[in-house]
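Structure first, then comments.
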There are 2 protein chains.
Amino acid sequence: MPAATSATADPHRPDAKPRRRAGRPPSAVLDQDGITAAALQLVRKSGYDAFTMAALARALNVAPSALYNHVSSKREVLVLIQDHLTSLVDVSAFGTEPWDQAVRDWAWSYRAVFARHTPLIPVIAVLPVADAPKTLAMYEAVSTGLRRAGFPQQCIVAAIVALESFVFGSAYDVNAPADIFASGSMAASTPNFSAAVDSLGEEGYAHQADVAFSLGLEALIAGFGALRAQGREARSEA
Amino acid sequence: MPAATSATADPHRPDAKPRRRAGRPPSAVLDQDGITAAALQLVRKSGYDAFTMAALARALNVAPSALYNHVSSKREVLVLIQDHLTSLVDVSAFGTEPWDQAVRDWAWSYRAVFARHTPLIPVIAVLPVADAPKTLAMYEAVSTGLRRAGFPQQCIVAAIVALESFVFGSAYDVNAPADIFASGSMAASTPNFSAAVDSLGEEGYAHQADVAFSLGLEALIAGFGALRAQGREARSEA
DNA sequence: CGTCACAAATGAATGGCATTCATTTAGTGG
DNA sequence: CCACTAAATGAATGCCATTCATTTGTGACG
């Protein structure tokens, strides 16, 4: 965050307004990196409801319209946040661990990062990878790992997409209210579901979301292991 | 014919405005079912961007503020839509097919319904089931099916949550642009991922999303089959 | 050394949005 | 018959993203 404190004279006093006269400043106040950093900080402190272009401008001590010299829309700011967050996802295990453990570590890390940023998921899910270089780098790391592990070329994208879909869907669950499955007055008409819910005890839903994620992830890993075996078999015959 | 078409005089002419005087009308114009139906029709015709309270009111030939006598917020309308859509998900196979085929049919149907309604996913994912009776009915049908198939009680909720997470994540993929994986000028720095993408040929991403969904779903079903086997084994020993 | 295009800021609109409120009218229960 | 409440209108309210005219500084070109 280099660009922040240059323009205003007194950083130790809570200056409220963008005290800067109109016209181009001597040195640029804004750039995409600074905007991204401020946006991320704002989102972390106040959440996505409070994340408005006006609030972001205020955090940067700038008029809202100034932002549009550096980004074309609020959506673009979300994309910048998304790409930065993706660089925080841990793919290091693809260099050190067996493929299945690497996938496990990656998926847990991926979910952990985006569980706190679910409003980005609709943006990410339909975003061309070319608009997000760090995201592309993550895919490359995963692809490389799976390829080295012997996965058939044609399965790799499908496996990544399936895992990612599961991660995104599961990220929502982490933030669900603890009593999401309480059927209330309708419990009588849903005996089997209510019994299944009751059998879970009182461990809290956050833990329950982890159980479901683990269950699904292990099933996916096991299923993909079979794919890999098929691929290796076919190649050794040829 | 006195009650039904009384408010607007000429139904054959495109009357634009809510031609009705102020004050309570002789018979109620609005109710939750009517609002839900109109909202769904509006969303289907014009999409979620065009779905505003003002547009909904216009479709119902009513002032926007009138809606708030029947729903407390736009979000509540989304919940009504969601619950109705969930009743369109096909769970019939849980009564006729083996559990694995039933899960398969259910998941494909579930994804098909919500692929066209991805803006609802953030709403559904954190919605208490008690607020959505038809959704609860779906869970009951699935729970009953899994229980009859011999799944251990404690696994059922986790399995449903995992499947649902995968379905929601996959629903986004269906609407992704065809060139979402085109890495463009960065292809050189991502050789493995680019090669994996290139190996897919030109079948279009919609088909590719189906392949990934099938791959993940079959892995999940296979993994859950193992759970079921463990449960049966443990019970026969006891 | 001047000037000219362009970059980067301000501040004042603009139009759309969900939601609220005062008001009007009409059924309903005591 | 009267008070209460339900259900409509229409006029605000406040927030939001985005645009535009304007001002000011920079750097490149002649």
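Chain naming here is simple, since letters A, B, ... match the order of the sequence lines and numbering starts at 1 in each.
The closest side-chain heavy-atom distance from A:Phe181 to B:Val161 is below 4.5 Å. Counting heavy atoms from C-beta on, the side chains of B:Leu67 and B:Leu60 come closer than 4.5 Å. Looking at A:Val167 and A:Trp106, their side chains never come closer than 4.5 Å, going by heavy atoms from C-beta outward.
The interatomic distance linking B:Lys74 (NZ) with C:dT19 (P) rounds to 8 Å, in whole Å. With rounding to whole Å, B:Asp31 atom CG is found 16 Å from D:dA6 atom P. Here D:dT18 presents its P atom at 12 Å from CG of B:Asp49, a figure rounded to the nearest Å. Remark: P of C:dG11 and CZ of A:Arg58 are 15 Å apart, rounded to the nearest angstrom. The CE-P distance, from B:Met53 to D:dG10, rounds to 18 Å in whole Å. The distance from atom CD of A:Gln32 to atom P of C:dA8 is 11 Å, rounded to the nearest whole Å. What separates CZ of B:Arg75 from P of C:dC17 is a distance of 21 Å, to the nearest Å. Regarding B:Leu78, its CG atom lies at a distance of 14 Å from the C1' atom of C:dC17, rounded to whole Å.
Residues meeting the side chain to side chain contact (heavy atoms under 4.5 Å, CB included) test with A:Ala158, sequence neighbours left out: B:Gln208, B:Val211, B:Ala212, B:Leu215. Listed by chain and residue number, A:Gln32, A:Val71, A:Ser72, A:Ser73 satisfy the side chain to side chain contact (heavy atoms under 4.5 Å, CB included) test with A:Glu76 (two or more places apart in sequence, or in another chain). Under the salt bridge (charged side-chain N to carboxylate O under 4.0 Å, His left out) criterion, A:Asp210 pairs with A:Arg111, sequence neighbours left out. B:Thr86 is linked by a side chain to side chain contact (heavy atoms under 4.5 Å, CB included) to B:Gln82, B:Phe114, B:Thr135, B:Met138, counting only residues two or more places apart in sequence or in another chain. Checked against side chain to side chain contact (heavy atoms under 4.5 Å, CB included), B:Asp131 has the following partners two or more places apart in sequence or in another chain: B:Leu127, B:Pro128.
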Expected string for nucleotides 20-27 of chain C under the B/S/- scheme (protein heavy atoms, under 4.0 Å, primed atoms plus P, OP1, OP2 as sugar-phosphate) is BB--BBBS
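Consecutive Watson-Crick or G-U pairs involving DNA chain C, each under 3.5 Å on both distances, make up stems of three or more pairs at C:1-30 with D:1-30.
Residue contacts for B:Ala28: at a heavy-atom cut-off of 4.0 Å it reaches the sugar-phosphate backbone alone, with no base atom in range.
Applying the ring-ring contact (aromatic ring centres under 6.0 Å, His included) definition to pairs two or more places apart or across chains, none involves residues 67-88 of chain A. Within the structure, the side chain to side chain donor-acceptor pair (under 3.5 Å) test picks out the following pairs touching residues 161-172 of chain A (sequence neighbours left out): A:Tyr110-A:Glu164, A:Tyr139-A:Glu164, A:Ser165-B:Asp173, A:Tyr172-B:Tyr172.
Listed candidates were C:dA18, D:dA8, D:dT18. Nearest to the side chain of B:Leu30 is D:dA8.
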Protein-nucleotides 13-16 of chain C N/O pairs closer than 3.5 Å?
none

Only distances under 3.5 Å count here; give the side-chain donor-acceptor pairs of residues 191-198 of chain B to other protein atoms, sequence neighbours excluded, each with its distance to 0.1 Å.
unit_1: B:Asn192; atom_1: OD1; unit_2: A:Arg147; atom_2: NE; d: 2.9
unit_1: B:Asn192; atom_1: ND2; unit_2: A:Glu140; atom_2: OE2; d: 3.3
unit_1: B:Asn192; atom_1: ND2; unit_2: A:Thr144; atom_2: OG1; d: 2.9
unit_1: B:Ser194; atom_1: OG; unit_2: B:Ser183; atom_2: OG; d: 3.3
unit_1: B:Ser194; atom_1: OG; unit_2: B:Thr190; atom_2: O; d: 2.9
unit_1: B:Ser194; atom_1: OG; unit_2: B:Thr190; atom_2: OG1; d: 3.1

Would you tabulate the side-chain donor-acceptor contacts of residues 115-123 of chain A under 3.5 Å, counting partners in other chains and residues two or more places apart, or write 'none'?
unit_1: A:His117; atom_1: ND1; unit_2: A:Tyr48; atom_2: OH; d: 2.7

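Between the side chain of A:Asn69 and the base of C:dA7 there is no donor-acceptor pair of N/O atoms closer than 3.5 Å.
Remark: A:His70 is not in phosphate contact with C:dA7, judged by side-chain N or O atoms under 4.0 Å from OP1 or OP2.
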